[in-house]
K.L.:
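Sending over a structure as structure tokens; questions will come in a sec.
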Number of protein chains: 2
Amino acid sequence: MGQGGYELLWGNPAGPGRGRPAGLSRERIVAEAVAIAAAEGLPRVSMKHLAERLGSGVMSLYRHVPGKDELVALMYDSIMSTPPDLPADQGWRAALTAWAHAVRDLFLAHPWALPLATVNHVLGPGEAGWLDSAMRAVGASGFATDLSLASVMAVNNYVGGAVRPELHGGQEDPLWFTFLADDGAMQRFPALADLVTEGHFQESALLRDHFSFGLERLLDGLERYLEPGSGQGASLT
Amino acid sequence: MGQGGYELLWGNPAGPGRGRPAGLSRERIVAEAVAIAAAEGLPRVSMKHLAERLGSGVMSLYRHVPGKDELVALMYDSIMSTPPDLPADQGWRAALTAWAHAVRDLFLAHPWALPLATVNHVLGPGEAGWLDSAMRAVGASGFATDLSLASVMAVNNYVGGAVRPELHGGQEDPLWFTFLADDGAMQRFPALADLVTEGHFQESALLRDHFSFGLERLLDGLERYLEPGSGQGASLT
DNA sequence: GCTAATTAGCGTACAGCATACGCGCACGTG
DNA sequence: CACGTGCGCGTATGCTGTACGCTAATTAGC
């Protein structure tokens, strides 16, 4: 799974040879695969289906892509081809906030990509660009490099987890707590039962904006560590 | 994918019928599947391989499990059958810290389960128990229910993302930054290049303990929100 | 312009996967 | 002893990714 994918992601496209010209291209294949994943889901991206969409034979794809796993790795990196625009003159917190929301928007736009982020993979040029943009923005405030990376990683780790619940239904999954309506589950999980009896999920702004809530808490904590002097109060923005 | 898995996870085991007694059982199947995943990885859990391990025919499994997807859902929930022990009398922060490390240990013990956590799934009794234990511990400090849930979710979201880098090689993946040794990648990603030229990844305690670092920052931020009065300093523990 | 080298396109074949169907058998109950 | 219920499972089907080798198209050298 992406073990030998290093040269694949970083290798040069190899100049125009002297043989038969290519009708297909790696870019066209990857782009069409991403389109299928967006429209029909990642499981529908099969070599057969993909070839049909491209009007080519199945095995022709293997002239441009070593295999399915590598294709998926290319799909994943391709959605990060352009790093986000971050505010440059408003400090690290504003930059990290913008970055976190950009990452979130990216995975909301490409729901199929989130599980791939959780799997170990080789860092491609796209993802490197996103990482670099965050590191530059934080490093501009003068922090040590490892401290910058640890902060960016903390935010990145949080965002990956926080986006997941938003992918399914929009708000917090109603199916999740169906079981509480049943028999003795209320006694088995009293703290969860409170959620239902108190009727949250419909009203709570905290839960509707749980992404921003957690992000602000994390940034508050980073701020306390990075700038021990500033004694800001906490507020939900 | 776990769409109709609701009754599966929460349904009763159905009393002993009056037909031929079952040699196989759902529990034995799930336990063996977990053992295979632990020893050989999740992709090796195929119905054929699983049946061979159990000394039964392939199709016999379908008498006890509706299908592969549901089996995986049962595997996932089964590793959370016993909720963690949390310190009850040391406040919400100690409890959440212990809970976060328990979740981390769980996924380190079952690396195959982490990608499943990222995918949308029906909440099973095991995961509900873990969630409930955290909610009870935080709720004991008297916070509103939705605030407790938002805090627990924030920690849970962070943990899921932070465990991933630890699964691959132990420390931060060396392969990740191989490309920086190459050509003009150093100019393309200057902030990442600094990481290499400064020689972190070998020495930085911050990066070695990035899990704890991010967790402490998040908990600091939650503390500032939940207990605005306490003006604790920040420290890396 | 002809020939040789190079490369793209792709049909066929194969191993592996989940699983629908239906038969036969073992057991508890009458 | 016979009945019926539920279990074990062999067979068959359609899907998956991909190794192999042939054919066609184009360019480089003569």
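Labels below follow one simple rule: chain letters A, B, ... track the order of the sequence lines, proteins then strands, and each chain is numbered from 1.
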K.L.:
Find the distance Leu24(B):CG to dC7(D):P and express it as a whole number of Å.
P.N.:
11 Å
K.L.:
Tell me, which pairs form a salt bridge (charged side-chain N to carboxylate O under 4.0 Å, His left out) where one or both residues lie in residues 28-37 of chain A, sequence neighbours left out?
P.N.:
none
K.L.:
OP1, OP2 of dC9(D) versus side-chain N and O of Ser60(B): anything below 4.0 Å?
P.N.:
yes
K.L.:
Would you mind reading off the distance between Arg63(B) atom CZ and dT19(C) atom P, rounded to a whole angstrom?
P.N.:
15 Å
K.L.:
Using a 4.0 Å heavy-atom cut-off to protein, can you give one letter per nucleotide of nucleotides 12-19 of chain D, 5' to 3': B if the base is in contact, S if only the sugar-phosphate is, - if neither?
P.N.:
----SSBB
K.L.:
With under 30° as parallel and over 60° as perpendicular, where do the rings of Tyr158(B) and Phe211(B) fit, or are they tilted in between?
P.N.:
tilted
K.L.:
Please name the pair of heavy atoms, one in Leu24(A) and one in Ser60(A), separated by the smallest distance, quoted to 0.1 Å.
P.N.:
CD1-CB, 3.8 Å
K.L.:
Can you check side-chain hydrogen bond (donor to acceptor under 3.5 Å, both in side chains) on Glu127(A) and His121(A), steps first, answer last?
P.N.:
CA-CA 11 Å; Glu127(A) 196 172 5; His121(A) 53 268; 2.9 Å; yes
K.L.:
Starting at CG of Leu61(B) and ending at P of dA18(C), how long is that distance when rounded to a whole Å?
P.N.:
10 Å
K.L.:
What I want to find out is whether Arg53(B) reaches Glu40(B) closely enough, with some N-O distance under 4.0 Å, to be called a salt bridge.
P.N.:
yes
K.L.:
Using the test salt bridge (Lys or Arg N to Asp or Glu O under 4.0 Å), find all partners of Glu27(A) that sit at least two apart in sequence or belong to another chain.
P.N.:
none
K.L.:
Once you round it to whole Å, what is the distance between P of dA8(C) and CG of Leu54(A)?
P.N.:
16 Å
